[in-house]
2 protein chains.
Amino acid sequence: MRSSLQGKGRPRAFDRNEALEKALEVFWRQGYEPASVAALCSAMGINAPSLYASFGNKSALFIEALDYYEQAYWSKPAERFLGEPDIARAVENFFLEAAEILLSPDTPCGCMVVLAAINISSEAREVSEAVRRLRFATKKMFADRLQRAVLDGQLAADADIPALAGALNAFLEGLSIQARDGILQAELKAMASHALRLLPSPEAR
Amino acid sequence: MRSSLQGKGRPRAFDRNEALEKALEVFWRQGYEPASVAALCSAMGINAPSLYASFGNKSALFIEALDYYEQAYWSKPAERFLGEPDIARAVENFFLEAAEILLSPDTPCGCMVVLAAINISSEAREVSEAVRRLRFATKKMFADRLQRAVLDGQLAADADIPALAGALNAFLEGLSIQARDGILQAELKAMASHALRLLPSPEAR
DNA sequence: GCTATTTTGTAATAATCACTAAAAAATTGT
DNA sequence: ACAATTTTTTAGTGATTATTACAAAATAGC
């Protein structure tokens, strides 16, 4: 009899959050479909029935891991991006931070949102919808910040904001693929430093 | 007894090249692993033993389809890119052509090289190596053309060619993901038109 | 027509997939 | 100690996977 904080039955023998982090790592490295439930269980240190009791099923586990990933890795960079008053600095810093995340020494896998659910069988539509939604959210983040830069007079009023946001988004997504292809972080950062140039040239601002 | 052009045994009842094109379409739309041999057979109009007799196995069929794709869709744009004397025109035209290919009305799937074999189980290493090799080849194409622009005096001598080539490559790869995410071709072209800006600004040239 | 050769369709193979039925084990409250 | 409840482990489920054994069919050369 421990305390009464936990429910009645037999207590869970694993830490749910630790297990989720382990699952995240497997999904991140291998992608949704190549990550078998057996491999997930092995990495999480639990058996299949525990996984299903705690997380529902494979796709629900993936989506929960995906949200955890987004929160853990990208919420602060996004905040800094939106908080930086100068649009050029904001873009430059964000892409340098991104290059660090995409090839951080412990998880050199590119971005999970971009890469983990590209080749997906048609049944798992909820999964591909989840990553798609997050990719659109990133593009919207770019668009919102650019729009503010127009209002601030830092970008020309006739700038094509949707196209520019899309271009920044494409560049960011492409960095993920090259991260996965195994280049050095220094190279990725050198590429990322060019993101700034996608903005209309300073003369026009 | 037809002619003696064909071998001795029972003649093949299908056109090998047509079957390859059908397989290409399935791999392109679905990706390597979600494309089951059964689905491939169905699209190709043949049974599994015919597939294995003609193409070896699934991975060999994919690689052959991949090479066919590269040749059929990208060899001419690449030639034009390398043949255009003005670097700015070369980049601008190439990315507009790319946007058209990525969302051509009959195959609105993004680029097969970029998207078809991202989530791959570790056994099919030959497949992921094949697409990786082609992605590197594209980056090298950018680097070679940019290097020539330096020699031509169209780019500053101190330009960081590898980083610039990587940036163009990242942008191109990112366009594929957005193409897959279902935007309109007009939007994709508007984004693609910004590729030009990744080059060092005209003042520095 | 006969033999050799290759392709065909049918049907099966073993392996792996996501998922779960069932019973034992561990807790809480009485 | 006992009942109620939840998690654990074990061992399966049926479906799907890529691949192939086998025999019938169709050709060429003799």
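So you know, we letter chains A, B, ... as the sequences are listed, proteins then strands, and number each from 1.
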From CG of A:D15 across to C1' of D:dT7 the rounded distance in Å is 15 Å
From CG of B:L40 across to C1' of D:dT17 the rounded distance in Å is 13 Å
Show me the side-chain donor-acceptor pairs of residues 98-108 of chain A shorter than 3.5 Å, one per line, residues at least two apart or across chains.
| residue | atom | partner | partner atom | Å |
| --- | --- | --- | --- | --- |
| A:E100 | OE2 | A:K189 | NZ | 2.8 |
| A:S104 | OG | A:D106 | OD1 | 3.4 |
| A:S104 | OG | A:T107 | OG1 | 2.7 |

Residues 178-187 of chain A vs side chain to side chain donor-acceptor pair (under 3.5 Å), sequence neighbours excluded, gives A:Q178-B:K139, A:D181-B:R135
In numerical order, the residues of residues 20-36 of chain B whose heavy atoms come under 4.0 Å of DNA chain D are B:A35, B:S36
Quick note, side chain to side chain donor-acceptor pair (under 3.5 Å) partners involving residues 111-122 of chain B, not counting sequence neighbours, are B:E33-B:S121
Task: B:F171 ring center within less than 6.0 Å of B:F142 ring center - done: no
Residues 13-23 of chain A vs salt bridge (Lys or Arg N to Asp or Glu O under 4.0 Å), sequence neighbours excluded, gives A:R16-A:E64
Applied to residues 117-130 of chain B, the salt bridge (Lys or Arg N to Asp or Glu O under 4.0 Å) test, sequence neighbours excluded, yields B:E129-B:R132
Here the distance between atom P of C:dT7 and atom CG of B:L51, to the nearest Å, is 13 Å
Restricting to nitrogen or oxygen on both sides, can you table the protein-nucleotides 1-4 of chain C pairs closer than 3.5 Å?
none

A:F55 meets the ring pair (Phe, Tyr, Trp, His ring centres under 6.0 Å) criterion, sequence neighbours left out, with none
Taken in chain and number order and not counting sequence neighbours, the residues that satisfy side-chain hydrogen bond (donor to acceptor under 3.5 Å, both in side chains) with A:D152 are none
Are any protein N/O atoms closer than 3.5 Å to N/O atoms in nucleotides 19-22 of chain D? If there are, list each pair with its distance.
| residue | atom | partner | partner atom | Å |
| --- | --- | --- | --- | --- |
| D:dT19 | OP2 | B:Y52 | OH | 2.6 |
| D:dT19 | OP2 | B:K58 | N | 3.1 |
| D:dT19 | O5' | B:Y52 | OH | 3.1 |

From the candidates D:dT8, C:dT27, D:dT27, the one with an atom nearest any side-chain atom of A:S50 is D:dT8
>> Using a 4.0 Å heavy-atom cut-off, does A:A13 contact any base of the nucleic acid, only the sugar-phosphate backbone, or nothing at all?
In response: sugar-phosphate
Separation of C:dA18 atom C1' from A:E126 atom CD, nearest Å, is 13 Å
Of the candidates D:dT10, D:dA26, D:dT6, the side chain of A:R10 sits closest to D:dT6
Residues pairing under side chain to side chain donor-acceptor pair (under 3.5 Å) where one sits in residues 38-54 of chain A, two or more places apart or in two chains, turn out to be A:R12-A:S54
note: A:M44, atom CE; D:dT9, atom C1'; distance rounded to Å ~ 17 Å
So salt bridge (Lys or Arg N to Asp or Glu O under 4.0 Å) across residues 34-55 of chain A, not counting sequence neighbours, yields none
Tested for ring-ring contact (aromatic ring centres under 6.0 Å, His included) against A:F81, the lone hit among A:F95, A:W74, A:F94 is A:F94
note: B:N47, atom CG; D:dA25, atom P; distance rounded to Å ~ 15 Å
